[in-house]
Amino acid sequence: MTTTTLSKPGSRPSAPADAGGAAAPYAARIDHVSKSFGRPGAQQHVLDDISIDVAPGEFVCLLGASGCGKSTLLNLVAGLDGPSAGRIETPGGRPALMFQEHALFPWLTAGRNIELALRLRGVPRAERRGEAERLLELVRLKGAYGKRVHELSGGMRQRVAMARALAQDSQLLLMDEPFAALDAITRDVLHDELTRIWRDANGSASGSGGLSVLFVTHNVREAVRLAERVVLLSSRPGRIAREWTVDIPHPRRIEDAAVADLSVEITEQLRGEIRRHGQH
Amino acid sequence: MASTETGTGAEAAGTTDDPADGPAADAATGAPAAESALAGEAPAGKAPATTKPDGAQPDRSGGDLAGLEAGLDALDTKVSDRQPWLRALTAKAVPPLVAVALVLGLWQLAYHFELKDHYLLPSPVDVARSLQDKWLEGTLLDYVWTSVSRGALGFLASVAIGTPLGLLVARVKPVRAAIGPILSGLQSLPSVAWVPAAIIWFGLSDATIYAVVLLGAVPSIANGLVAGVDQISPLYLRAGRTIGARGLTGVRHILLPAALPGYLAGLKQGWAFSWRSLMAAELIVNAADLGTGLGQLLEQGRELQDMSWVLSAILLILIVGIGIELLIFAPLERRVLRSRGLLVKS
Ligand SMILES: Nc1ncnc2c1ncn2[C@@H]1O[C@H](COP(=O)(O)OP(=O)(O)O)[C@@H](O)[C@H]1O
Ligand SMILES: [Mg+2]
C-alpha cells in the first residue's frame with residue numbers, strides 16, 4: 001500500500017507491497033487532507049479537511065473556481081508534494097499525471113516521449129517500440145511516432161501526453177485541466193477520446209486492472225460531460241462544497257439537454273460559492 | 001456593497017471562464033457557433049463523409065470520430081519547409097566573403113600607397129607567400145596540429161571537469177552559494193593572468209599550458225550548464241518526476257537534455273576560451289622541447305621581426321578558431337535548436 005503521510009512527504013515506494021492481493025476498495029483515498037503554504041504565522045490555508053475516495057474504475061471530476069486549490073490537491077495525490085495534515089493513499093502505485101500544458105519533452109520525438117515513460121516503468125527495451133506504437137494507435141496518432149513535439153498541433157500534443165500518461169500503466173490517471181488550452185472543437189473530440197479510453201479500460205474485454213480518473217476542471221459542462229461524480233470545491237480555503245452523481249448514460253454530448261440541465265444547477269451553486277467571497 | 005459585488009463578479013468572470021458565464025456556451029473560445037455546427041454534423045455521421053460509417057451508434061465513436069480527428073490534425077499541422085541547402089549556403093557564405101575581399105582590398109591599397117614601410121606592412125601577397133613557404137617546408141600542418149590537439153585535449157578535459165562542477169553548482173544550494181559567484185567572477189578574469197602563476201608552479205612545460213587552458217575554459221562550461229539548468233521549465237521537471245525520473249535517472253533523462261541548449265552555448269564559449277588561453281600560454285611558454293604551436297610560431301616571427309610571418313600566424317590562429325566554431329559548434333547548436341522547434345527562420 002502506498003501512502004503519503006505527514007512524516008514522509010513526497011516519498012513513496014513505487015511498488016505496492018500488497019499488489020495482487022485483495023483489491024482495495026478505492027483507487028485513491030484522500031483522507032482529511034489539509035494543505036497550507038508559507039511560513040508559520042503567515043500561512044495560507046489552501047485546502048481544508050478534504051476527503052474523497054475514488055472507487056476503482058470511477059471517473060471523478062473536481063470542479064472549482066481558479067485558485068481554489070485543485071492543482072494543489074492533484075499534486076498531493078501525485079506525490080509531488082506532501083499534505084500538511086491528513087493522508088493520501090493510492091494503492092495502485094504512482095498515479096499518472098497530465099497537465100494543462102502538454103509537458104512533452106521537446107528533445108524527444110512523440111514516440112520516444114512515450115518510450116521514456118515505458119523505460120522508467122521498467123519495460124524491457126525490446127518491447128518498448130511496439131508498446132509505444134500501440135499507445136499512439138490508442139489515441140489515434142498512428143503516424144506520429146517520429147514527429148517532434150513542435151510539429152504537432154495542440155490537440156495532437158495532448159493526445160501524445162495522454163498516451164505517455166497511459167504508458168505508466170497506472171490504475172489512476174490524474175488530469176489537471178488537460179484540455180483547457182484547446183479550442184472547443186478539439187476539446188470536444190478529446191472528451192470523446194478520453195471517455196472511450198476510460199470505458200474501454202474498464203470494459204470486460206480489457207485484462208488490465210481498470211482505470212480510475214480524477215479530472216480537475218473549472219469548466220462545469222466539461223465536468224458533467226465526462227464524470228460519474230462531480231465534486232465541487234469552495235475557495236479559500238478549499239473545502240468540499242457539494243457532490244453530484246451524474247447518471248446520464250454514455251455516450252453523452254456536451255449539448256445534451258441532460259448535461260445542460262445539471263450544468264445549470266452546478267453553475268448556480270458555483271456562482272453562489274464565488275459570490276460569498278465578495279460579501280465581506 | 002453593490003460596488004464590491006460587481007467587482008467580484010467581474011473577477012469571477014475573468015478567472016473562471018465557464019461557470020461565471022453560465023452554461024450558455026463555452027466561453028473560453030467563443031466558439032458556440034462552431035460547436036453547434038459540429039453538433040449538426042455529428043448525428044449525420046451515417047453520411048458517407050467518412051471512410052467507415054459506423055452510423056449505427058448515435059455518438060461519434062469509431063470511424064466517424066477518427067475521421068473528425070484526422071481532419072483536425074491535418075488542418076492544424078504545421079508544414080515545415082526547408083530551403084534547398086545550396087541556396088541557403090550561398091545566402092550565408094556570400095556576405096562574409098564580400099567583407100573579407102573588401103578588407104583585403106583596403107589592405108592592398110594601404111600597401112600600395114605605402115602607409116607604412118613595406119617591412120612594417122607587407123602586402124596580402126607577401127603574407128600568402130610566407131604561408132606558402134612554410135607549407136612547402138612541410139611544417140605548417142605540424143604547427144596547426146600541435147595547437148589544435150592541445151586545444152582539443154584541454155577543451156575535453158575542461159568539459160570533463162566543468163560538467164559535473166556545473167551540475168553541482170546548479171543543483172546543490174550550498175555549493176551554489178559558495179562557489180557560484182567565484183565561478184562567474186573567474187569568467188571575467190583573462191586567463192593570461194594565470195600564465196605567470198602556472199610557470200612558477202609547473203615551469204616551461206605542457207602542464208603550464210594545460211593549466212592555463214583549463215582555468216580559462218572550465219568556468220565558461222560550468223556557467224553555461226548552470227544557466228541551461230536554470231532555464232529549464234519547472235514543468236519538465238514535474239513531468240519527469242511523475243513518470244518516475246528521480247535522482248540520477250532524472251539528471252540523465254530530464255535535466256541534462258533539457259539544459260542542452262544552454263550547455264551547448266557554454267561549450268561554444270568554452271572552446272573560444274580554450275583557444276584564447278592556449279594562444280596566450282603558447283606565446284609565453286616557449287621552450288625548444290615543447291613543440292611549436294601557432295602561438296610559438298607567432299612569437300618566433302616577432303623575434304625575427306618578420307611581419308609577414310607574424311601576420312600569417314595570426315591569420316592561422318583566426319582561421320582555426322573560426323573553422324572549429326563553424327564546422328563543429330554552429331551545426332551542433334543549429335541541430336539541437338531546430339529539433340526542438342526553437343530555431344525561427346529569419
Ligand atoms: N507552492 C506554492 N506556494 C505558495 N502558494 C501556493 C503554491 N501553490 C499554490 N499556491 C496557492 O494555492 C492556491 C491554489 O492554487 P492552485 O492549486 O494552483 O489552484 P487551482 O489549480 O484551483 O487554480 C493559490 O492561491 C496559490 O496562490
Ligand atoms: Mg490549476
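In the text below, chain A, chain B and the rest are named by the order of the sequence lines, each starting its count at 1. Reckoned from all heavy atoms, side chains included, excluding hydrogens, waters and symmetry mates.
What you find for A/V149 and A/R157 is that their closest heavy atoms are O-NE, 3.1 Å.
Among the candidates B/A258, B/A245, B/G240, B/S233, the residue making the largest number of heavy-atom pairs closer than 4.5 Å to chain A is B/A258. If you tally non-hydrogen atom pairs under 4.5 Å between each of A/M98, A/R159, A/R121 and chain B, the highest count goes to A/R159. Among the candidates A/A165, A/P106, A/G155, A/A96, the residue making the largest number of heavy-atom pairs closer than 4.5 Å to chain B is A/P106.
Side chain to side chain, A/D183 and A/T186 meet the donor-acceptor criterion of an N or O pair below 3.5 Å. Between the side chains of A/E222 and A/T217, at least one donor N or O sits under 3.5 Å from an acceptor N or O.
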Going through the distances and angles, do A/S71 and A/D176 end up as a side chain to side chain donor-acceptor pair (under 3.5 Å)? CA-CA 6 Å; A/S71 298; A/D176 191 354; 2.7 Å; yes

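Residue contact with chain B, scored on non-hydrogen atoms closer than 4.5 Å, involves the backbone and the side chain of A/A117 alike. With a 4.5 Å cut-off on non-hydrogen atoms, B/I254 touches chain A through its backbone and its side chain both. In this structure, chain A has heavy atoms under 4.5 Å from both the backbone and the side chain of B/T242. If you measure heavy-atom distances from A/E268 to chain B, you find no contacts under 4.5 Å at all. Contact annotation for A/I266: neither backbone nor side-chain heavy atoms come within less than 4.5 Å of a heavy atom of chain B. With a threshold of 4.5 angstrom between heavy atoms, A/L141 approaches chain B through side-chain atoms but not through N, CA, C or O.
In this structure the side chain of A/W244 reaches within 4.5 angstrom of the side chain of A/Q269, judged on heavy atoms.
Ring centers of A/W107 and B/Y236: under 6.0 Å apart, within the cut-off. Between A/F99 and A/F179, the distance from one ring center to the other does not fall under 6.0 angstrom.
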